[in-house]
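In what follows, a structure is listed as C-alpha cells, so that the remarks can point back to it.
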Amino acid sequence: MADTVQRPILLGIGGDSGSGKTTIARGLYRLFGAGNILSICLDDYHSLDRRARQQAGVTALNPVANRIDLMEEQLWALKDGRSVLKPVYDHATGTFGPPEQIHPKPWIVVRGLFPFFTERLREAFDVRVWLDPDEELKYHWKVQRDVAQRGYSVAQVIRQVVERQDDLRRYILPQARYADMVVRFYPPPGYFGKAGAGGPAGNGHGAETPPDLHVRLTLRRSAPAPGVAEAIARAAALDQERHGTRRGAGGVRIQRGAEGGETLVEVDAGLDGHVAAPLVRDLASMLPIDPRATEEMGVFLAGGRDPKHSHSLLITQLAIAWQMVAAHESTRSLVTERASPA
Ligand SMILES: Nc1ncnc2c1ncn2[C@@H]1O[C@H](COP(=O)(O)OP(=O)(O)OP(=O)(O)O)[C@@H](O)[C@H]1O
Ligand SMILES: O=C(CO)[C@H](O)[C@H](O)COP(=O)(O)O
C-alpha cells in the first residue's frame, strides 16, 4: 500500500531573483546532509535560454519563458518517489546543459521564481516559504551576485531589473500570498555606510564581514509549526539569563495576530550567536541530525563571492528546518495510522 511508506517532504522557497533562496537552501543542505536532501533550482525549467529571451523580448520572470507543466509533472513524480530526467540551465553561460537524472530523497528543497504559481505546484509542497527582503538590499545583493557569478556588468543588471518590473509585479510577487512563512531580511539604520556592506550600486567588496541584518519571520496559520516563535524567544531569553546584560542578548519580539492569525517574530541584528545553540539542541532531539552541522549554517557569499556568517540567517534556516520537521512528523503519524489499522 503506497501510503504506508514515508514519502519525501517538499519545501518550496520562492522569491524574486537575488532574494536569497539559494543561500537559505545551502544551509538546509548542510543540516540534513547531502545523502538525505535533494536541492532543485526551478531556473532549470526555463523554456528559453538567455539569447532566445533577449531575441523574443521576454524576461525570465514571465511564465511563457518557463516550463510550468514540466515543473508540476516532475515535482509530483519526485513526491511519489519516482526519479526524473531534469533539464539543466547554466547561469555561467546562459545556455542549457545536458539533462540530469535525479532521484527522490527524504527532504526535497525546491527554490525558484514560480514555485507557487499554480494550484498543482502549491499542493506539491509540505512547507511554502517566501523571501521578501528589503528592496534596496535585494537589488544590492543581485547586482553583486550577477557581476561576480553570472558575467553581467553593473549597468546590465540595473537595466534588467528595470525591464523586469512589470513581470515581477504581475507574476512573481502575487505568489507570496500562498506562503506559510514569509522571511524579510532588512538592514539596520546606516547599514550601507558601514564597512563590508558596500554601497547599493554593488561596489561592496567581500574582504570584510558586512554587519548583520534584522530579520522578520511572518508565520501564517497554515505553518506546520507556529510554535517555533516561542522556541526562538525562549532561546533568546535563556541566553540573556546566562550572559546577563554584558552580551545584551534578547533581541527577539513576538507579535501575535488575533484569532490565530499571523505571528510576527522580529530577530534583531545584534542577537548573540549563542541563541542558536538551544534551538539546535531542540531540533536535534526531534531529528537524526548532527548538531555540529549547524556550524556550517548561516553562511552567505558576501559580494557574491566570499563566505561569511550571519546569526539572523542561521536562525531563519533553523526556523524553516523546524517547519520541515513538523511536516515530516505529521505525515509520519498518518503513515503509522494507515499501516496499523485498528
Ligand atoms: N541572508 C543574507 N545575508 C547576507 N547576504 C545575503 C543573504 N542572502 C543572500 N545574500 C546575498 O545575496 C546574493 C544572492 O542570493 P542568492 O543567490 O541566494 O539569491 P537567489 O534568490 O537564489 O537568486 P536567483 O533566483 O537569481 O538565483 C548572495 O550571493 C549573497 O551575496
Ligand atoms: O531571474 C533569474 C533567477 O535566477 C535569472 O535572471 C534567470 O534565471 C535568468 O538567468 P541568466 O540571467 O543567468 O540568464
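All of these numbers come straight from a predicted model, not from anything done at the bench. Every number for a ligand or one of its atoms is a count from 1 in the order of the listing.
By the criterion of a heavy-atom distance under 4.0 Å, neither the backbone nor the side chain of S310 is placed next to ligand 1. In R164, the part holding a heavy atom less than 4.0 Å from any atom of ligand 2 is the side chain. With a heavy-atom cut-off of 4.0 Å, R150 touches ligand 2 through its side chain alone. Residue-level proximity to ligand 2 for D146 is absent, since no heavy atom of it falls below 4.0 angstrom. At a heavy-atom distance under 4.0 Å, no atom of D49 approaches ligand 2. The side chain of R145, and not its backbone, has at least one atom closer than 4.0 Å to an atom of ligand 1 (non-hydrogen atoms only; side chain from C-beta on).
Here the heavy atom of the protein found nearest to atom 27 (O) of ligand 1 is R150 NH2, 2.8 Å. The protein non-hydrogen atom at the shortest distance from atom 26 (O) of ligand 1 is S17 OG, 2.6 Å. In this structure, the protein non-hydrogen atom closest to atom 4 (C) of ligand 1 is F300 CD1, 3.3 Å. The closest protein non-hydrogen atom to atom 20 (P) of ligand 1 is K21 N, 3.5 Å. Considering only non-hydrogen protein atoms, atom 31 (O) of ligand 1 sits nearest to L301 O, 2.4 Å. Counting protein heavy atoms only, atom 11 (C) of ligand 1 is closest to W141 CG, 3.4 Å. Here the protein heavy atom with the shortest distance to atom 22 (O) of ligand 1 is T22 OG1, 2.5 Å. Residue, atom and distance of the protein heavy atom nearest to atom 18 (O) of ligand 1 are T23 OG1, 2.6 Å.
For ligand 1, the polar-atom distance check finds no N/O of A302 at less than 3.5 Å from any of the ligand's N/O atoms. Residue-to-ligand polar distances keep H91 apart from ligand 1: every N/O pair is separated by 3.5 Å or more. In terms of polar-atom proximity, defined here as any N/O pair under 3.5 Å, F185 makes no such contact with ligand 1. At under 3.5 Å, a nitrogen or oxygen of S19, whether backbone or side chain, sits near a nitrogen or oxygen of ligand 1.
Judged purely by distance below 3.5 Å, without hydrogens or angles, the side chains of T218 and R184 never pair a donor atom with an acceptor atom. The closest side-chain donor-acceptor pair between R50 and Q54, if any, does not fall under 3.5 angstrom. Remark: the D90 side chain and the T95 side chain contain no N/O donor-acceptor pair separated by less than 3.5 Å.
The OG atom of S19 sits 7.0 Å away from the NZ atom of K138 when rounded to the nearest 0.5 Å. L313 contributes atom CG, which lies 6.5 Å from atom OG1 of T316 (distance to the nearest 0.5 angstrom).
When atom types are taken as modelled, the side chain of R67 and the backbone of S47 share no donor-acceptor pair closer than 3.5 angstrom.
By the neighbour-count criterion of 12 heavy atoms within 6.0 Å, atom CZ of R53 is densely surrounded, having more than that number from other residues, nucleotides or ligands. Shown here is Q255, whose CD atom has no more than 12 heavy atoms of other residues, nucleotides or ligands within 6.0 Å.
Just one of R122, K79, R120 meets the salt bridge (Lys or Arg N to Asp or Glu O under 4.0 Å) condition when paired with E72; it is R120.
Within ligand 2, the atoms closer than 4.0 Å to a non-hydrogen atom of S17 are 1 (O), 2 (C), 3 (C), 4 (O), numbered from 1 in the order shown. Residue-ligand proximity, L213 to ligand 1, at heavy-atom distances under 4.0 Å covers atoms 3 (N).
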